[in-house]
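So that the names make sense, note that chain A is the first sequence line, chain B the second, and so on, each numbered from 1.
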Amino acid sequence: MSIATLEIKKGLNVAAIREDFPILHQMVNGKPLVYLDSTATSQKPEAVIQVMDAYYRKTNANVHRGVYALAEEATAQYEGARKKTQKFINAKSYREIIFTRNATEGLNLVAYAWGRKNIRAGDEIVTTQLEHHSNIVPWQLLAQEKNATLRFIPVDDQGQLRADQIETLINPKTKIVACTMMSNVAGTITPIRDLIARAHAVGAITVVDGAQAVPHMPVDVQELNCDFLAFSGHKMLAPFIGILYGKRELLEAMEPFLGGGDMIREVHMHESKWNELPYKFEAGTPAIAEAIGLGAAIDYLNELGMENVRAHEIELTDYALNKLRAVDGLTIVGPARAEERGGVIAFAVPNAHPHDVATIFDREGICVRAGHHCAMPLHERFNLPATTRASFYVYNYPDEVDRLVETLEKVREIFKS
Amino acid sequence: MSIATLEIKKGLNVAAIREDFPILHQMVNGKPLVYLDSTATSQKPEAVIQVMDAYYRKTNANVHRGVYALAEEATAQYEGARKKTQKFINAKSYREIIFTRNATEGLNLVAYAWGRKNIRAGDEIVTTQLEHHSNIVPWQLLAQEKNATLRFIPVDDQGQLRADQIETLINPKTKIVACTMMSNVAGTITPIRDLIARAHAVGAITVVDGAQAVPHMPVDVQELNCDFLAFSGHKMLAPFIGILYGKRELLEAMEPFLGGGDMIREVHMHESKWNELPYKFEAGTPAIAEAIGLGAAIDYLNELGMENVRAHEIELTDYALNKLRAVDGLTIVGPARAEERGGVIAFAVPNAHPHDVATIFDREGICVRAGHHCAMPLHERFNLPATTRASFYVYNYPDEVDRLVETLEKVREIFKS
Amino acid sequence: MDDLYREIILDHYQHPHNHGELPDANIHAHDTNPLCGDVLYMDIQLTNNIVSDVRFRGKGCAISQASASMLTDEIVGKSLDDVKKIDKQFILDMLGIPLGPSRIKCALLSLKVLKNGAYGITEWPDDDEE
Amino acid sequence: MDDLYREIILDHYQHPHNHGELPDANIHAHDTNPLCGDVLYMDIQLTNNIVSDVRFRGKGCAISQASASMLTDEIVGKSLDDVKKIDKQFILDMLGIPLGPSRIKCALLSLKVLKNGAYGITEWPDDDEE
Ligand SMILES: Cc1ncc(COP(=O)(O)O)c(C=O)c1O
Ligand SMILES: Cc1ncc(COP(=O)(O)O)c(C=O)c1O
């Protein structure tokens with residue numbers, strides 16, 4: 001059943017969607033696969049797999065520099081994907097969409113190309129205790145190099161940013177505010193608009209980590225008014241590619257990050273001139289097939305409707321939170337209400353290490369992740385060395401939550417928790 | 001016919017190889033496709049296309065951090081590809097193989113993570129007039145930032161490096177020697193061993209651009225004794241991924257380049273500890289499917305035998321050079337003998353602009369590239385604003401050279417050259 | 001002969017009109033095509049806001065050079081306001097040949113340079129929706 | 001019950017042997033498992049080159065903790081040379097359960113720490129071919 005034949009009114013027709021994801025229909029350790037790790041990486045629908053396959057079979061050529069038919073077609077598809085991405089997040093111009101390797105590279109690009117030029121000793125950079133390491137380490141490296149100070153907005157017991165700290169922490173010394181829109185552990189949807197407003201009021205730029213938000217809810221960069229937004233294709237039904245949105249004025253004023261082919265207009269032995277945006281920031285041969293796959297993934301998500309994706313995840317998360325709260329002794333990280341969080345639930349089982357928990361889940365064919373999920377400071381905040389994490393996407397449904405909860409009972413039995 | 005069924009003795013069974021490349025069997029502008037642009041990017045065999053397709057349909061999961069079956073399998077395949085790459089270039093350890101976005105990123109990684117730390121005002125960096133922009137611009141940016149001097153080894157009329165200049169240019173002030181093993185325009189195979197020996201004699205490190213050499217001839221990093229070697233998967237039958245080899249001692253001593261997930265061991269709010277090699281330099285989710293595709297491409301090339309690949313290209317280049325030399329008035333860039341060059345021939349047609357030449361080729365279904373091929377300084381050296389370039393790989397054969405030459409005659413007729 | 005290179009295009013390419021320079025002209029503009037490194041310079045003499053003379057020079061392909069030759073023919077005698085109104089379609093109609101996306105860029109290089117000159121800017125604001 | 005978590009493993013996990021510290025021991029070693037952030041400390045008292053006492057502590061999963069508990073039992077009374085001979089296969093046999101690649105790392109954390117201590121290094125040289 002193809003997605004196009006469905007009439008989706010509210011929420012999603014998950015049964016039909018599942019038909020589009022070949023990987024889901026397999027047995028693992030003798031049990032039907034239950035994939036609850038989309039926060040780490042999502043699965044890909046037929047439409048995405050096929051568009052890449054077709055690219056390699058019919059179109060493959062290097063972009064931008066060829067005048068022959070294959071190269072023209074590859075370029076048209078590659079640039080078409082950029083326009084789709086632009087529209088998906090409502091950027092003003094396709095020139096504001098830079099393809100990177102992943103969200104991490106996007107954040108580092110800002111830290112290098114904007115940060116290295118604009119940060120001086122004594123300046124402050126603000127991030128939060130909620131962040132993924134990708135939105136901490138680039139700023140640590142920058143702060144260290146420039147003798148700047150890195151500050152963290154703390155998190156309350158519910159996994160929400162402490163609103164009362166924002167005004168003090170984001171102050172006239174602040175030059176960069178880097179914050180996630182949605183935590184990949186606590187699920188927290190942050191008050192990103194307040195942070196952006198405050199940052200702009202003190203003259204700081206804002207770098208939003210959209211790695212979890214963009215795949216799971218409508219995101220409009222013009223409405224947000226953020227300066228940069230980084231996210232990853234592989235978490236939104238697409239292949240391994242990253243996207244960095246940046247406001248055009250800022251990107252224009254920045255020096256390049258990586259040097260090489262395609263990002264230049266002229267190279268002479270002792271000086272070079274940079275290419276126009278976005279190419280100035282895309283050095284070397286880009287991930288062409290992957291960009292085209294991203295375009296197909298965006299088409300797919302648009303067909304579902306991001307409002308519906310969000311509604312579906314709220315529903316499923318609400319169902320899961322209620323079931324999990326009934327499990328004795330479980331610690332659940334993050335906000336209480338599904339509306340305040342994404343479709344990700346990290347939890348700790350008494351006496352059982354997350355690694356062991358995940359292994360027992362694996363025996364049941366259930367994919368959950370165990371560890372610090374690249375968010376050690378957040379785990380330190382909650383005094384948890386690690387957690388087990390289940391996360392949902394468009395292809396998950398309540399029966400899978402039931403299997404999660406049943407298996408949790410088995411874990412508790414083994415570990416007498 | 002599958003490649004495995006062939007008995008290849010010397011040279012290649014091109015007819016059989018062509019069966020493995022689906023893209024080649026199509027008509028373009030009513031003519032059978034002739035793909036002569038592998039220097040820009042190569043085509044992919046079934047084995048590579050299928051392994052990626054299978055990955056998305058059966059295995060896709062994020063690597064390194066999952067204990068469930070899919071993640072274990074994805075990690076095994078991803079790390080398996082690293083080992084294949086290690087063996088392919090005969091690196092001592094898999095820890096010396098870093099997956100990057102492309103060759104360009106690999107070169108920039110060295111310029112940032114080694115260069116920014118070790119280069120001081122007055123130091124000299126040596127590159128050559130032959131280079132692709134990717135091996136010029138990163139050093140320009142570095143030299144500019146550190147007030148170092150960038151020097152170029154000049155090229156003689158044959159497109160070979162001026163051996164008499166090496167000793168003066170690489171001197172005790174030199175800290176980095178960055179040179180290609182094979183030019184993507186002149187085809188020149190450089191005296192890279194001499195350069196490396198001289199560089200080490202004066203205490204400089206060597207950064208070899210292997211983007212053209214690694215796909216087309218046997219390369220052994222231990223025999224070369226280079227410190228770094230960067231190359232690109234997409235030019236060697238593989239998808240969009242890059243590879244940076246670095247000597248372990250150097251990589252160990254370097255600070256990280258990009259910060260984020262996977263490259264850390266511990267992140268705390270105010271300090272972090274880096275992961276071991278090669279992960280220290282692989283921040284964020286890597287290109288998993290692409291690495292696996294690279295592994296399949298290496299298997300394919302190994303099956304052909306890199307010696308045979310090289311022999312085939314010498315033969316075809318020799319055939320083409322002879323035919324092209326017979327075309328009146330044509331300027332052919334680069335060394336005269338096929339043994340001294342890779343399978344790439346850039347030429348200029350009197351009175352006809354390369355862009356127009358390539359368009360006329362396109363009308364005949366022939367893919368050639370026109371422009372400066374990201375090597376403006378080399379074109380300036382030869383006083384050519386641009387050239388038309390034809391390049392060969394394992395799937396090309398003499399009939400295609402004949403079609404190239406016939407079409408050249410047509411070009412000359414139109415432009416009265 | 002290939003219809004892309006019909007006689008008139010080749011003729012303008014091999015014998016360009018208005019080729020050369022006007023060092024004392026009121027307007028000097030230039031731009032490059034990053035795809036191939038082609039460069040085009042245009043000197044425009046305005047007299048009472050009318051293009052009284054124009055010259056171009058540079059390096060480029062038959063399409064870009066013929067387009068410049070034909071375009072400079074077109075603008076002599078036109079007012080600056082009329083010059084500003086010249087658009088992409090005008091150029092494509094003027095050339096009258098089928099062009100793929102990358103060759104369209106060649107065809108439009110002369111228009112970019114003309115606009116740069118007419119508006120007194122160094123880069124022609126692109127249409128994000130193109 | 002899942003056979004991975006057979007009684008003896010759970011027993012060592014829930015009631016570890018040789019747990020604690022020996023602040024005055026001759027050897028102090030530790031290492032972490034970057035996959036999960038687990039950390040293990042081991043204090044080893046050598047008397048005449050024989051392990052006379054050992055304690056471990058840290059945070060980790062059942063596999064890594066049981067492995068440390070069982071391994072410390074094994075080494076008491078062994079000479080340093082014999083300790084150096086302990087290998088991966090010894091640990092896997094000792095645990096006697098099937099393990100996937102990532103859980104093998106958990107099982108081997110205690111061995112890594114022991115080797116670090118025995119060889120007086122901070123990181124156990126890995127086998128590039130593993
Ligand atoms: C010699 C040489 N170096 C570097 C590169 C850059 O490779 P990539 O675009 O894959 O980064 C190329 C590709 O054109 C090349 O030919
Ligand atoms: C919130 C958040 N930020 C950043 C990242 C990094 O994404 P990538 O690994 O694709 O660079 C992740 C992925 O785990 C994430 O969840």
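- Paired with B:Thr285 under the rule side-chain hydrogen bond (donor to acceptor under 3.5 Å, both in side chains), one option of A:Lys235, A:His234, A:Arg101 passes, and it is A:His234.
- You'll find the ring centres of B:Tyr112 and A:Phe257 inside the 6.0 Å limit.
- Neither the backbone nor the side chain of B:Thr127 comes within contact range of chain A; no heavy atoms are under 4.5 Å apart.
- Taking every heavy atom of both residues into account, A:Leu150 and B:Met269 meet most closely at CD2-O, 4.1 Å.
- Taking every heavy atom of both residues into account, B:Ala61 and A:Tyr35 meet most closely at CA-OH, 4.4 Å.
- The part of B:Val368 that comes within reach of chain A is its backbone (N, CA, C, O), which places non-hydrogen atoms under 4.5 angstrom from that chain.
- In this structure a side-chain-to-backbone donor-acceptor pair under 3.5 Å is missing from A:Asn108 to B:Leu258.
- Side chain of A:Ser134 to main chain of B:Gly261: a donor-acceptor pair is present (N/O by atom type, distance under 3.5 Å, no hydrogens or angles).
- A donor-acceptor pair under 3.5 Å is formed between the side chain of A:Asn62 and the backbone N or O of B:Ala40.
- Of all non-hydrogen atoms in B:Thr59 and A:Ile23, the two that sit nearest each other are N-CD1, 3.6 Å.
- B:Asp362 and A:Ala69 get closest at one heavy-atom pair: OD1-N, 2.8 Å.
- Residues B:Gly260 and A:Val137 share a closest heavy-atom pair of N-CB, 3.8 Å.
- Remark: the backbone N or O of B:His268 is paired with a side-chain donor or acceptor of A:Gln140 at under 3.5 angstrom.
- Of the possible donor and acceptor atoms, one in the side chain of B:Asn60 sits under 3.5 Å from a partner among the backbone N and O of A:Ser42.
- What you find for B:Leu70 and A:Cys367 is that their closest heavy atoms are CD1-SG, 4.3 Å.
- In this pair, B:Phe240 and A:Tyr55 present their aromatic rings tilted. The plane angle is within the 30 to 60° band.
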